[in-house]
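So the structure is just underneath, and the comments pick up after that.
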Amino acid sequence: MRTHPKSTSLFTKSLFLMFLVVTMGISGCSSRNYSSTSSARSNPAASGGAAPIAETGDKTLTVAISADAGIDQLDAGAYKGSMNVHAMIYDGLVEYGEKGEILPSLAESWDISEDGKSYTFHLRQGVKFSDGTEFNADAVKFSFERWIKDPANSLNVATAMESLVVVDEHTITMNFNKAYYPFLTELSFARPVRMISPSAVEPAGDINGTFVKAVGTGAWMAESYTTDQEAVLVRNPNYWGEMPKLSKIIMKVIPDPQSRVLALQSGDVELAGGQLGKIPIESVPVIEADSSLSLQIAPGTNSHFMIFNYHTPALQDLNIRKAINLAMNKKSIVNDLMNGIGQEAKGLFPLTVPYVTESNHTWYGYDKQEAKELLAAAGYKDSDGDGIAEKGGIPLELNFVLQQAEYPEWKSISELIQSELREIGIAVNLQVLEPNAYYDALWTSKAYDLILYRTYDDAYNPHAFLLSLFHQTPEAPAVVWSDAELEAQIDTAVGSTDLQERQNAYDSIFSRMYEEAMFAAIYFPDELLAVNQRVTGFKPGHTTYSPIYWNQLDILK
Amino acid sequence: MRPILRYLLQRLLQLFPVLLGISGITFALMRLTPGDPAEIMLRADGIKPTYEAIEATRHAMGLDGPVHMQYFHWLYRVLHLDLGHSYSSSRPVFTELMNRSPATVLLTGCSVLAAVLIALPMGIGSALYPGRLLDRMGRVCALLSVSMPSYWLSLLLIYYGAVKLRVFPVMGMDGVSSVILPALTLGFGMAGVYIRLIRSSLLDVLRMPYIKAARAKGLQEWIIITIHALRNALLPSLTLLGVNIAGLLGGSVIVETIFSWPGIGKYAIEAIFAKDYIVIQGYVLWMAVVVVLINLTVDWLHLLLDPRIRLR
């Protein structure tokens with residue numbers, strides 16, 4: 001193609017011009033933006049220079065969250081919006097402390113009747129909701145009656161409640177039809193048991209009224225909210241407890257884990273991780289190398305483990321279950337696959353869970369030789385030399401189901417387990433399913449031999465997890481392992497009003513699980529958070545819905 | 001123009017059977033995949049719900065009736081211009097889609113602009129100087145464009161543009177500068193095909209006798225290229241652009257997620273994982289309307305640009 005020389009140069013010029021315009025356009029908008037952000041950064045710094053002013057000055061913390069906070073729907077009695085924000089705006093009667101210790105919150109103290117069926121709460125006096133409405137026993141009654149009749153609720157405080165009696169302005173009694181020690185634990189949950197102002201619904205004070213605005217007694221209240229983008233919380237001026245040091249918390253929605261790390265690095269957010277929105281384990285070295293960030297590792301309350309299908313004939317043999325447990329190198333999973341974040345599992349629950357003690361905390365170690373011997377004792381032998389053990393001509397082959405969407409690390413863990421089981425002569429077929437198909441296999445179809453799962457978190461452990469996974473329901477047998485003796489022990493534990501009796505029951509539950517090798521313990525994950533060095537007073541919380549003591553956080557500008 | 005108008009009207013009327021068919025098929029397909037929306041919703045907290053709770057929720061969602069009746073109920077509401085409320089957020093689907101569409105339309109517009117700004121000069125340059133530096137650059141650019149995964153390109157752009165240089169924000173939709181990186185990611189991803197397409201069709205057109213005639217007339221080369229050659233050379237790209245715009249208006253999950261862009265794609269994918277039938281149905285309707293309308297616009301533009309088609 002030959003072109004006219006004159007027009008060629010013209011064309012080149014116009015090309016160059018176009019390029020110039022584009023670059024200028026880009027740099028034009030960007031430099032404008034940069035100056036605005038940098039001024040925003042320097043502004044508080046100026047006021048922060050003088051320490052006394054900083055106390056009252058604007059102290060804003062920006063936090064990354066993985067999903068929309070849903071402030072406009074944050075009804076205390078509903079399961080909508082972010083649980084974390086729920087727990088910041090609303091207080092419960094009681095609070096969940098370290099290792100499940102129940103601490104006073106809006107109830108200063110409480111009495112439990114001899115039979116464990118009646119609870120009387122003495123409410124804190126002089127507490128006001130964030131809009132100035134008085135908090136009293138009627139507000140408690142209002143908060144509960146809004147949701148307690150809803151059949152979609154499965155909390156025991158709801159299903160077992162017989163009556164809710166206002167004794168006087170600051171005393172309220174709950175009567176239940178059974179004794180169940182975790183009533184108090186349930187009352188510490190983020191929802192739906194927390195207190196909402198009667199003025200938060202329309203018409204005000206009507207238990208069937210429509211939710212209008214999130215009004216609680218908590219340390220924080222919503223200031224502004226943009227769906228899928230951000231939620232801004234400010235201090236509640238009427239807060240009854242110690243005033244937060246920060247004046248404002250901006251929660252930015254950043255769905256992608258890598259982007260959260262990048263936002264931390266760029267300084268766009270100052271705190272991320274844990275249940276607010278996980279930080280990928282592979283980013284740990286990046287955070288550690290960044291001098292502006294500090295990595296915070298908090299021990300978690302859940303555990304990841306492998307469920308055996310009790311309908312699979314081979315897995316009904318205790319020796320096989322023990323062999324699988326012994327064949328897995330749990331230390332290597334934590335150290336080599338999880339970057340050393342987490343602990344080798346020693347049972348179903350970590351030591352952060354109530355009733356788990358050093359003495360009832362034992363599990364199978366890593367012993368390949370013993371695993372092979374147990375397999376041989378069960379009658380499995382590799383007679384055709386293909387590396388897979390057989391019994392009666394049938395090779396020992398198991399389907400191992402998992403999902404990657406919620407727990408990306410499960411893929412590499414399952415591959416390691418696959419190769420280790422192969423070494424002792426068990427063939428494992430991995431099936432990575434999308435979450436809905438995975439949960440369908442877990443809860444309904446039981447279409448697996450082995451399946452990876454995790455325990456619930458914090459306040460649901462140990463009782464609620466044991467009840468829903470190791471106990472039959474009127475419709476179906478237990479999910480993880482069906483064992484009548486274990487179920488009886490669980491009933492004893494949750495129905496007992498005596499602490500020692502309860503501890504004994506849990507001791508026997510954990511030892512029965514161990515003796516019967518009812519599952520394969522794998523690892524206890526830690527919570528991983530990254531915090532900007534300017535943030536002080538960081539203290540991890542004890543529940544997933546209160547992952548941080550927000551009120552103690554402060555920021556140096 | 002009369003027959004053209006009739007043709008366009010006919011195409012517009014075809015929208016209705018298309019919508020009916022598509023909604024029916026998605027309705028059936030969604031119910032064939034495993035998972036119960038009531039259970040998924042109750043399990044959002046990670047806790048196994050009781051049987052009673054699931055039944056109550058199924059009833060409240062209207063999922064306890066026969067499937068065909070559920071479809072007719074849905075259809076009845078849609079005919080009354082009510083797309084229903086999301087299972088998981090209980091927000092009205094129509095409002096949710098409309099709230100998210102400005103972000104998606106903005107990103108689509110800017111991405112197309114970025115693609116055009118990259119592909120047009122590159123494509124024209126490659127065609128005018130085949131085998132020369134610009135053409136080789138065009139080849140490399142096209143290769144990178146089609147082979148670089150968008151998540152990688154976005155992370156690279158964020159790392160250098162936002163973390164290292166601090167010129168752009170890392171995330172969110174906030175001002176002009178925030179749209180540049182996501183638009184560049186999407187635009188660059190599309191540009192490769194157009195560079196090659198524009199190059200080859202422009203080369204074809206430039207061999208046409210009418211270009212020779214224009215040159216013989218003594219027209220300036222840039223007039224020949226911009227007015228005479230490009231008009232015909234861009235027709236194939238226009239068709240492809242229609243398809244691409246429709247795709248972009250459906251949302252781009254990866255880029256939206258990485259840049260925390262509040263668009264439609266992420267909304268739809270979350271609904272699919274949550275089996276939020278009502279949202280999925282609403283989204284599918286929206287997409288069907290978008291695709292049909294864009295195809296119509298492209299056809300109409302063809303009619304305007306190419307008189308030969310008009311004659312048929």
Side-chain angles (χ1 to χ4, degrees), chain A residues 1 3-4 6-8 10-11 14-15 18-19 22 26-27 29-34 36-37 70 73 79-80 83 150-154 226-230 252-256 258-259 262-263 265-266 268 405 434-437 439-441 443 445 456-457 460 464 468-469 473-475 479, chain B residues 33-36 39-40 42-53 55-57 60 89-91 96 99-100 117 121 124-125 127-130 155 158-159 162-163 166-173 175-178 180 203 206 220-222 225 256-260 262 266-267 273 275:
Chain A
M1 164 110 320
T3 44
H4 209 270
K6 210 167 88 186
S7 59
T8 311
L10 195 84
F11 181 73
S14 59
L15 248 185
M18 225 191 277
F19 178 73
V22 174
I26 292 176
S27 59
C29 337
S30 49
S31 62
R32 204 169 344 119
N33 177 273
Y34 183 50
S36 77
T37 46
Q73 298 188 308
Y79 286 90
K80 294 214 159 69
M83 254 212 288
D150 183 356
N153 248 304
S154 37
T226 319
T227 316
D228 273 349
Q229 294 181 56
E230 65 171 34
K252 289 238 183 234
V253 180
I254 308 181
D256 182 67
Q258 290 294 347
S259 303
L262 290 165
Q265 287 183 283
S266 73
D268 285 70
E434 60 96 19
N436 288 331
Y439 282 115
D440 195 57
W443 297 128
S445 70
Y456 299 160
D457 289 291
Y460 291 93
S468 51
L469 273 297
T473 61
E475 302 82 32
V479 176
Chain B
T33 55
D36 171 11
E39 200 178 323
I40 292 169
L42 288 172
R43 231 190 11 240
D45 279 341
I47 309 304
K48 188 192 174 211
T50 60
Y51 180 73
E52 291 80 21
E55 283 307 300
T57 311
S89 75
S90 37
R91 294 192 173 109
E96 288 284 275
N99 285 345
R100 282 168 172 81
L117 287 180
I124 296 172
L128 293 187
Y129 311 103
L155 289 175
I158 297 180
Y159 184 69
V163 177
R166 310 220 164 185
V167 174
F168 301 100
V170 173
M171 77 286 169
M173 186 174 71
V176 185
S177 61
S178 65
I180 292 176
L203 279 177
L206 286 175
Q220 279 186 309
E221 188 69 16
W222 69 274
I225 297 201
E256 279 177 17
T257 307
I258 293 179
F259 288 96
S260 318
K266 204 153 62 64
Y267 181 58
F273 280 125
K275 297 207 80 181

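To find a chain, count down the sequence lines: A is the first, B the second, and so on, and within it residues start at 1.
- Of the possible donor and acceptor atoms, none in the side chain of Asp256(A) sits under 3.5 Å from a partner among the backbone N and O of Phe259(B).
- Residue contact with chain B, scored on non-hydrogen atoms closer than 4.5 Å, involves the backbone and the side chain of Gln265(A) alike.
- Formation of a donor-acceptor pair under 3.5 Å by the Thr257(B) side chain with backbone atoms of Pro255(A) is not found in this model.
- Under the side chain to side chain contact (heavy atoms under 4.5 Å, CB included) criterion, Ala263(A) pairs with Ile254(A), Asp268(A), Val269(A), Val170(B), Met171(B), sequence neighbours left out.
- Residue Tyr159(B) comes nearest to Leu262(A) through the heavy atom pair CD1-CD2, 3.8 Å, listed as atom of the first residue, atom of the second, then distance.
- Interface check for chain A: of the options Thr57(B), Ile158(B), Asp36(B), the most heavy-atom pairs under 4.5 Å are formed by Ile158(B).
- Under the side-chain contact (heavy atoms from CB on, under 4.5 Å) rule, Asp228(A) has a single partner from Met173(B), Glu256(B), Arg100(B), which is Arg100(B).
- Heavy atoms of Glu230(A) lying under 4.5 Å from chain B are absent altogether.
- For Gln73(A) (side chain) and Ser89(B) (main-chain N/O), a donor-acceptor pair under 3.5 Å exists by modelled atom type.
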Between Ser90(B) and Lys80(A), is a side-chain hydrogen bond (donor to acceptor under 3.5 Å, both in side chains) present by the stated rule, with each step listed?
CA-CA 9 Å; Ser90(B) 37; Lys80(A) 294 214 159 69; 3.2 Å; yes
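- In this structure, chain A has heavy atoms under 4.5 Å from both the backbone and the side chain of Arg91(B).
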